There are 2 protein chains.
Amino acid sequence: MELTERKLKILQAIIDDFVFSAEPIGSRTLSKKLDLGISPATIRNEMADLEEMGYLTHPHTSAGRTPSDKAYRLYVDTLMERHPLPVEEQTAIRTRLNENFNELNKTIEKAATLLSEITNLTAFALTPKEDNNQLKYINLLPVDKTSVVLMIVTESGKVSNTVIRLRSGYDQRKLEILSKMLTYNYRGRELSSIQTIDLVKKVEADIAALSAMSGFMENFMPEFLRTLEKMLDTELYMEGLTNIFDIPEYNDLDKARMFLKMMKQKDRFTEVLDNRADGVIITIGEENTDEEMKDCSLITATYRVNGKFIGKLGVIGPTRMKYDEVISLVEFMTDNLSNTFQITGDTDSEE
Amino acid sequence: MELTERKLKILQAIIDDFVFSAEPIGSRTLSKKLDLGISPATIRNEMADLEEMGYLTHPHTSAGRTPSDKAYRLYVDTLMERHPLPVEEQTAIRTRLNENFNELNKTIEKAATLLSEITNLTAFALTPKEDNNQLKYINLLPVDKTSVVLMIVTESGKVSNTVIRLRSGYDQRKLEILSKMLTYNYRGRELSSIQTIDLVKKVEADIAALSAMSGFMENFMPEFLRTLEKMLDTELYMEGLTNIFDIPEYNDLDKARMFLKMMKQKDRFTEVLDNRADGVIITIGEENTDEEMKDCSLITATYRVNGKFIGKLGVIGPTRMKYDEVISLVEFMTDNLSNTFQITGDTDSEE
DNA sequence: GATTAGCACTCATGCAAAGAGAGTGCTAAC
DNA sequence: GTTAGCACTCTCTTTGCATGAGTGCTAATC
């Protein structure tokens, strides 16, 4: 059977209506709304065809039709009209994203918040995985008798610090030497490569021999490695979880519970996100591999930090969603993030 | 009317049963369970008395009785037997709390996680408010052409850093001088006092005059103040939110939604917590001042960091909860946190 | 051949009635 | 003071029934 022009129009109308109302739509209503001069009976015939082709479903015999996942897929791929965001909205988003200009993670979190606010869905943002990020320097600074701060800075400007509590005291001058030695040894190394045992052992031996600080090292080294590991971790921000309560599809305690319990498993969701390709990716209902997500649609897009490290941003909601709007929005926001996180480096010393 | 021994026994039995089953309990069941050799009829009379006194309620005429808030209050104040935590549980908790020994906030977050896991309720932890915390030193470190790291350390060992992106470049040597000047000027000041304008203005003027860095200062000062402000903020961790789905009282979409939406308002909840006195505080149902919490019970306890800064830890759940267990647990955990966060300072320099 | 009117049929939904079950309150007897 | 007995109340579940929205099919129409 062929998807005639008219069938497409009918399908489109059903999708539009259903996305708006969440109610199955019948032939009579559709005939009135469609204004094509065809009677409900004709529409019924067309709808029966569309159902046979797999674009429509029936909740029960005497109910109207609802679009299937296949219909949404068709919609997203060919039917959907794309509109750029209205200029006011663009500037509003830009302003709010720039409020936390110099805190990368805050900006990313804000992006998720904004996204959920605008779409009224659940939005999330994954901070970039900085795998091949090189270490710039390591600094050890005294806090009090038994604590020092370990500060690590990478070439990309990522900074991490940990307060390390030591079992023994330390000597401040030696701390400075140690900082320099560590920096000298590790500078330019990729964070992930430092975890390898032989490199660590070598440095450890060098330093211990040089300054007779072996007692100190015992406390310090494990913490140092843990901090590095932590720097490789990504962070997942999730916003608007309770928005699902306002979505008719989830007007059912069990469904809402299921959804929330799944989203609470951040590790698992992060993995799902990690496995998605770059660019704007849309998976609709059954297209999702995870069982619990088979009645959701997931839209993700990627942004870049310094044109290099890839983070993700997106939305999860019922398959019935305003794909056109959400896609435009997600695209706009990731583009914007990528721009914000681009090192300009064009201004130079002045004062 | 008087609360006779027998009335107390009956009340206790009703509470015990209801806490366990969440079902109203009738005279016949109670008579069998109670084993006092009194008939259902007698129990009915006693229950009628207890209801008149305000300790019991009736969901409807032909239902059993349920304890009122007043009954729980009596239970907590006088009826409840306190048992110390079993030793295995104590050690298990201690071990898990110490897993993140040197990250204060992680330990606190873990405490909330544990608390929610053990009680199957929603648990939360508030990091201490370090109001009168004195500044120890300020360090500015270069990252790249247009970014510097601002690092602030307080006397209590709290460390905060921000990457500040500057509109103009800077001179590394001057950065060092600036660090020293800022430290010299602010050391020993309380964080909150630094926000006052005149002090800031004075320092700003001094530095600008001294090193002709006014261009730099324009970018730097607002960020510096923001970072300080951020250091005064507390963090609220909340765990086990979805546990409410397993509680019969919330087997109702509207109630669950209400609860979750309320708990999402972290600012508001933080304020509620801030207003609570020190030590273990229990507020039951109507005793809570917030409208949305009038069918919940809130149990909070305080812990101390360095014997000084006060943080809070607690649980929120239905009024029907195992008060004895939860209270013991919360108490044990806060005691433990206070110990963990006590500076020992007894070991001295060695190597 | 496509379109349409007409009609029987299906199913969800809402409502009322009926019966079962749990539990109470009261009275009268112990 | 305690208890047995009984009428009464209220919830909950089941059943039947009417309603309405919508379909599928057939036969007539364009």
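Every chain is numbered from 1 and lettered A, B, ... according to where its sequence line falls, protein lines coming before strand lines. On a predicted model such as this, the values are computed, not experimentally measured, just so you know.
Ala63(B) comes within contact range of the sugar-phosphate backbone alone, with a heavy-atom separation under 4.0 Å but no base atom that close.
Side-chain to base pairing of Thr61(B) with dC10(D): no donor and acceptor N or O lie closer than 3.5 Å to each other. You won't find any donor-acceptor pair under 3.5 Å spanning the side chain of Arg28(A) and the base of dG22(D), going by distance alone. Side-chain atoms of Arg44(B) stay outside donor-acceptor range of the base of dG1(D), with no qualifying N/O pair under 3.5 Å.
Looking only at distances, no side-chain donor or acceptor of Lys312(A) sits under 3.5 Å from a matching main-chain atom of Thr300(A).
Toward the 5' end of DNA chain D, the nearer of the two residues Glu46(B) and Pro59(B), judged by each one's closest nucleotide, is Glu46(B). Positionally, the nearest nucleotide of DNA chain D for Pro40(B) lies more toward the 5' end than for the other of Pro40(B) and His60(B). Across the interface with DNA chain C, nearest-nucleotide mapping of Asn45(B) and Thr42(A) shows Thr42(A) to be the residue nearer the 5′ end.
Between the CG atom of Leu56(A) and the C1' atom of dT23(D) there is a distance of 13 Å, rounded to whole Å. Per the geometry, NZ belonging to Lys32(B) stands 10 Å off P belonging to dA22(C), to the nearest Å. If you take CD1 of Ile43(B) and P of dG23(C), they are 12 Å apart, rounded to a whole angstrom. The CG-P distance, from Leu36(A) to dT3(C), rounds to 11 Å in whole Å. The nearest whole Å value for the distance from the CG atom in Asp49(A) to the C1' atom in dT23(D) is 14 Å. Taking atom CZ of Arg65(A) as the reference point, atom P of dA12(C) lies 15 Å away to the nearest angstrom. Summarising the geometry, the separation between CG on Asp17(A) and C1' on dA21(D) is reported as 15 Å, rounded to the nearest angstrom. The NE2-C1' distance, from His58(B) to dC10(D), rounds to 10 Å in whole Å.
Counting only heavy atoms from C-beta on, Ser62(B) has its side chain closest to dC10(D) among dG25(C), dT23(D), dC10(D). The side chain of Met47(B) has dT24(C) as its nearest neighbour among dA4(D), dT24(C), dA5(C). Checked against dT24(C), dT23(D), dA21(D), the side chain of Ser27(A) finds its nearest nucleotide in dT23(D). Closest contact between the side chain of Ala48(B) and the listed nucleotides dG23(C), dG25(C), dT3(D) involves dG25(C).
The pair Arg82(A)-Asp324(A) does not meet the salt-bridge criterion, since no charged nitrogen lies less than 4.0 angstrom from a carboxylate oxygen.
Side-chain atoms of Lys70(B) and Ile284(B), non-hydrogen and from C-beta on, never get closer than 4.5 Å to each other. The shortest distance between side-chain heavy atoms of Lys33(A) and Ser31(A) does not fall below 4.5 Å.
Of the candidates Arg65(B), Arg44(B), Lys7(B), Glu51(B) forms a salt bridge (charged side-chain N to carboxylate O under 4.0 Å, His left out) with just one, namely Arg65(B).
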